[in-house]
Amino acid sequence: MQEHLTATAKKQFYVNRMFATIAPRYDLVTSLLSYGQDQRWKRKLVAMAEVQPQHQVLDLACGTGDITYLLARQLGSGQATGVDITPEMVELARRKQPSNETRVRFETGDICQLSFADASFERITAGYAVRNVPDISRLLGEVFRLLKPGGRFLSLDFGKPEGHFYRWAYLGYLSATGSALGWLLHGDPDVYRYIAESIKHYPGQSGVQRLLEETGFVECGFITFLGGAIAMNWGSKP
Ligand SMILES: C[S@@+](CC[C@H](N)C(=O)[O-])C[C@H]1O[C@@H](n2cnc3c(N)ncnc32)[C@H](O)[C@@H]1O
């Protein structure tokens, strides 16, 4: 796994294969690993996005569509688009769509190279997405291109606690529970142990804020949950 997470070209291949495997159990495992807190963090992300009824919003790496549907609830004439690279995830997201819900659409695609025109969206969200891409700066450049001036980007992801002992214990906990769940559900301990390993290679909330500022975002900030184990970053396009 180490080799795949450090080599840019191999990481996306590894991530794609892993999410295709876990897609049918993704909602269950997310709820278990977060002790049911995940929905609360997602609602907070959407509340902080301050979506207006006419907005065009994009949900990056939408997975099974939780955040996309929450965003759509804020919309009137606007549209929420969810994009994910894993067809199995997109299929699960589409299955949740009520027949009368016209404010949501889903597409399969790579969030680091999207075909939408420049300045297409007022809001862009990302749930546990930034940590998974091979090149975060490239992703943030793409987000910047796609936002309208004044538009806002918000990202929810695992964080990196500041305290060394807490960080060590938290990564150990994620690694152990991830291995056990992976073995139980898929016969492969590496499937969810990936979370802890990917956090080690991730710059965390402070690093993401620095990368946002380097990309040109303004009014950047973050809040943390569980003492820094989970974080939400944001920034606006001037
Ligand atoms: C941990 S899941 C998060 C799903 C959802 N956003 C949520 O919060 O529940 C990460 C998702 O990122 C997707 N993903 C990873 N790399 C991607 C990429 N380059 N482009 C689009 N989606 C990607 C995976 O397919 C997976 O569905």
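All ligand and atom numbering here is 1-based and tracks the order in the structure.
The only option from Thr64, Thr86, Asp84 that meets the side-chain contact (heavy atoms from CB on, under 4.5 Å) definition with Leu92 turns out to be Thr64.
Protein residues with a heavy atom closer than 4.0 Å to ligand 1 are Gln12, Val15, Phe19, Tyr26, Lys42, Ala61, Cys62, Gly63, Ile67, Asp84, Ile85, Thr86, Met89, Gly109, Asp110, Ile111, Gly127, Tyr128, Asn132, listed by chain and number.
Taking the charged nitrogens against the carboxylate oxygens, Asp38 and Arg43 have no contact shorter than 4.0 Å, which rules out a salt bridge. Using a 4.0 Å cut-off between a side-chain N of Lys or Arg and a carboxylate O of Asp or Glu, Asp66 and Lys96 qualify as a salt bridge.
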Before you tell me yes or no, could you show the steps for Asn132 and Tyr194 under side-chain hydrogen bond (donor to acceptor under 3.5 Å, both in side chains), namely the whole-Å CA-CA distance, both residues' side-chain angles and the distance that decides it to 0.1 Å?
CA-CA 10 Å; Asn132 289 311; Tyr194 162 82; 2.5 Å; yes
Yes or no on side-chain contact (heavy atoms from CB on, under 4.5 Å) for Leu146 and Asp118, after CA distance, side-chain angles and deciding distance?
CA-CA 5 Å; Leu146 293 172; Asp118 294 359; 5.8 Å; no
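Side-chain rings of Phe121 and His55 stay apart, their centers remaining 6.0 Å or farther from each other.
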